[in-house]
There are 2 protein chains.
Amino acid sequence: MGTTQLETVPEPKYWHLKTVLSEALDSEFAVGEILPNERDLAARFGVARATLRQALEQLELEGRLQRRRGVGTTVAPPRVGVAVAARHTWPGAAGDDWQPVDSAQSDTVPAAVARLLETAPGELMHIVRRTRVTEGQPLAAELVYIPAAAVPGCAEAELLTGPARAYAVLRELQSLELTGQDRTVELGSARAEDARQLDRLPGAPVLVVTTRYVSGGRTTAVAVSTYRADTCRLTFGESDAVALLAG
Amino acid sequence: MGTTQLETVPEPKYWHLKTVLSEALDSEFAVGEILPNERDLAARFGVARATLRQALEQLELEGRLQRRRGVGTTVAPPRVGVAVAARHTWPGAAGDDWQPVDSAQSDTVPAAVARLLETAPGELMHIVRRTRVTEGQPLAAELVYIPAAAVPGCAEAELLTGPARAYAVLRELQSLELTGQDRTVELGSARAEDARQLDRLPGAPVLVVTTRYVSGGRTTAVAVSTYRADTCRLTFGESDAVALLAG
DNA sequence: CAGTGGTCTAGACCACCGG
DNA sequence: CGGTGGTCTAGACCACTGT
């Protein structure tokens with residue numbers, strides 16, 4: 001054959017672009033600094049804006065950049081380590097970093113949650129909403145699902161509103177004995193409501209942590225926490241390892 | 001108080017499209033079934049192919065779809081639950097699900113790894129490569145970094161190749177006492193090499209699990225495992241909770 | 001208001017897979 | 001080979017942010 005194919009696999013432009021930009025971020029930009037706008041950057045690299053955006057999207061996914069409509073693209077600080085370990089404590093126990101927002105009742109929950117709770121369709125549930133914030137930045141949003149039958153003592157909580165109502169429901173939960181819990185972590189995209197709470201656009205990538213709380217041999221509560229994937233690094237520490245390093 | 005929340009916000013087309021498709025997947029398609037191709041789908045919904053693709057990307061990110069170049073788009077099975085808990089065991093201990101691939105020596109490691117290991121630049125390290133597979137599908141790729149100084153007994157492993165060499169290094173590690181470990185989970189995008197191993201394109205979203213192994217008050221090994229984010233749900237179970245449900 | 005990132009279009013070509 | 005998804009272009013308009 002005349003024109004022999006060179007060994008090189010043609011690297012996509014956006015991939016190469018991402019590499020170049022990544023190195024530039026390391027060497028030429030400080031955290032918080034704003035980059036040139038997308039149209040200028042695209043022109044500078046001789047590509048269409050869509051291609052440039054594909055590279056920026058990757059970098060944002062990796063937590064290197066932060067883009068905000070109407071403002072610009074800035075260099076992101078390193079990801080925040082967020083502890084998710086807190087072994088064997090109910091949501092709302094002393095020392096957890098969540099802030100109750102409100103609580104509501106509903107008889108319809110996501111199918112995945114219903115499956116974990118082994119509830120019948122239409123069973124009444126408390127849904128407690130909480131947020132997790134660090135230095136003014138929202139990190140995560142959470143919904144805690146609790147079958148109303150499991151916490152009969154908080155029926156009068158219905159008279160309360162806002163955080164007070166959320167506290168009342170969680171307090172009732174803490175009177176039960178917690179015998180076990182487990183967690184799953186998976187990738188998801190932010191629902192519209194979560195996105196608003198996390199100061200992101202709908203569909204933004206999030207880490208979804210699902211915690212199942214077991215009491216008396218039965219799943220008594222399920223918490224679905226959605227963390228901003230761009231800014232968070234979940235840490236599952238063990239206190240003994242940490243203690244060793246500190247000592 | 002009621003914010004009357006008058007009408008607002010035109011929903012982006014791709015977002016609405018994603019919702020419609022998602023419902024169609026639930027009701028009209030079976031797992032493994034192939035969807036119409038992107039050009040037909042776009043025409044059917046009256047949008048440009050790029051817009052349709054934006055919706056498909058979201059659904060793939062959520063693990064609902066699987067797209068393969070030259071083949072088509074298929075309905076993905078539910079995500080696989082992958083146990084990451086295995087408390088306090090060295091990599092390669094009996095019963096773990098990883099398959100050693102090979103091992104090599106290097107004096108340069110990623111900056112993030114060097115920081116965890118507190119190694120000096122240029123210090124010689126073993127790098128063990130492993131994979132995790134379920135039912136023929138690759139789930140994860142892993143690199144285990146071990147300072148050569150920590151495992152002096154496996155100097156002659158250099159004569160071996162492939163899995164045998166990886167086994168030799170890990171066996172040496174297991175002779176040490178493991179006093180602690182901790183983990184972090186974050187979102188990343190697959191490097192070219194990982195992508196090949198995971199049967200995905202470079203840049204595919206992955207869950208990066210970084211495990212730090214502590215022995216004698218010092219970090220003796222760091223494992224960086226990259227899981228396919230589209231197909232994996234990481235589970236951090238506690239045996240007691242599981243036992244309760246089983247019993 | 002001007003400027004930013006976000007959405008969308010209607011094309012084109014390429015890399016890959018199966019028959 | 002034909003058909004698939006992956007990449008890329010050169011535009012356009014929209015939604016949001018700051019001043």
Side-chain angles (χ1 to χ4, degrees), chain A residues 3 5-19 21 33-61 65-76 189-190 192 195-196 199-205 230, chain B residues 7-19 21 33-61 64-76 189-190 192 195-196 199-205 230:
Chain A
T3 66
Q5 172 71 307
L6 291 181
E7 295 297 328
T8 87
V9 177
E11 197 177 42
K13 277 191 188 178
Y14 80 90
W15 187 257
H16 178 246
L17 205 50
K18 178 195 144 185
T19 308
L21 284 169
E33 197 170 344
I34 61 179
L35 270 62
N37 72 53
E38 297 183 349
R39 291 163 179 85
D40 285 353
L41 272 181
R44 183 175 311 184
F45 287 104
V47 300
R49 179 153 83 112
T51 305
L52 185 270
R53 277 179 62 80
Q54 210 171 341
L56 294 183
E57 252 150 49
Q58 288 256 347
L59 290 169
E60 191 180 30
L61 202 77
L65 292 179
Q66 187 145 357
R67 298 193 286 175
R68 305 211 311 177
R69 167 154 45 177
V71 179
T73 301
T74 60
V75 180
S189 51
R196 210 172 42 248
D199 192 23
R200 300 262 63 195
L201 292 174
D230 55 343
Chain B
E7 187 46 50
T8 44
V9 194
E11 200 177 40
K13 277 190 187 177
Y14 79 90
W15 187 258
H16 179 245
L17 205 49
K18 178 195 144 186
T19 308
L21 284 170
E33 196 168 347
I34 63 177
L35 272 59
N37 72 51
E38 296 182 350
R39 290 163 180 85
D40 285 353
L41 272 180
R44 182 176 313 186
F45 286 105
V47 300
R49 189 176 157 221
T51 305
L52 185 269
R53 277 180 62 80
Q54 209 170 342
L56 294 184
E57 253 150 51
Q58 288 257 346
L59 290 170
E60 192 179 28
L61 201 77
R64 308 285 312 272
L65 293 179
Q66 188 145 356
R67 298 192 286 174
R68 304 180 58 124
R69 169 158 37 182
V71 179
T73 302
T74 61
V75 181
S189 50
R196 211 172 41 247
D199 191 23
R200 299 263 64 196
L201 291 175
D230 55 344

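Order of the sequence lines fixes the chain letters, A, B, ..., with proteins taken first and strands second; residue numbering starts at 1 for each chain. The analysis underlying the following values was restricted to heavy atoms, covering all of them including side chains, and did not include hydrogens, waters or symmetry mates.
For the atom pair OG1 of B:T51 and CH2 of B:W15, the computed distance is 15.5 Å after rounding to the nearest 0.5 Å. The CG atom of A:L35 sits 6.0 Å away from atom OG1 of A:T73, with the distance rounded to the nearest 0.5 Å.
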Which letter, B, S or -, goes with each nucleotide of nucleotides 3-10 of chain D from 5' to 3', with contact meaning a protein heavy atom under 4.0 Å? BBBBBSB-
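In this structure, the side chains of A:I34 and A:V71 stay at 4.5 Å or more apart for every pair of heavy atoms.
At most 12 heavy atoms of other shown residues, nucleotides or ligands fall within 6.0 angstrom of atom CZ in B:R68.
In this structure, the side chain to side chain contact (heavy atoms under 4.5 Å, CB included) partners of B:E60, at least two apart in sequence or on a different chain, are B:R67, B:R200.
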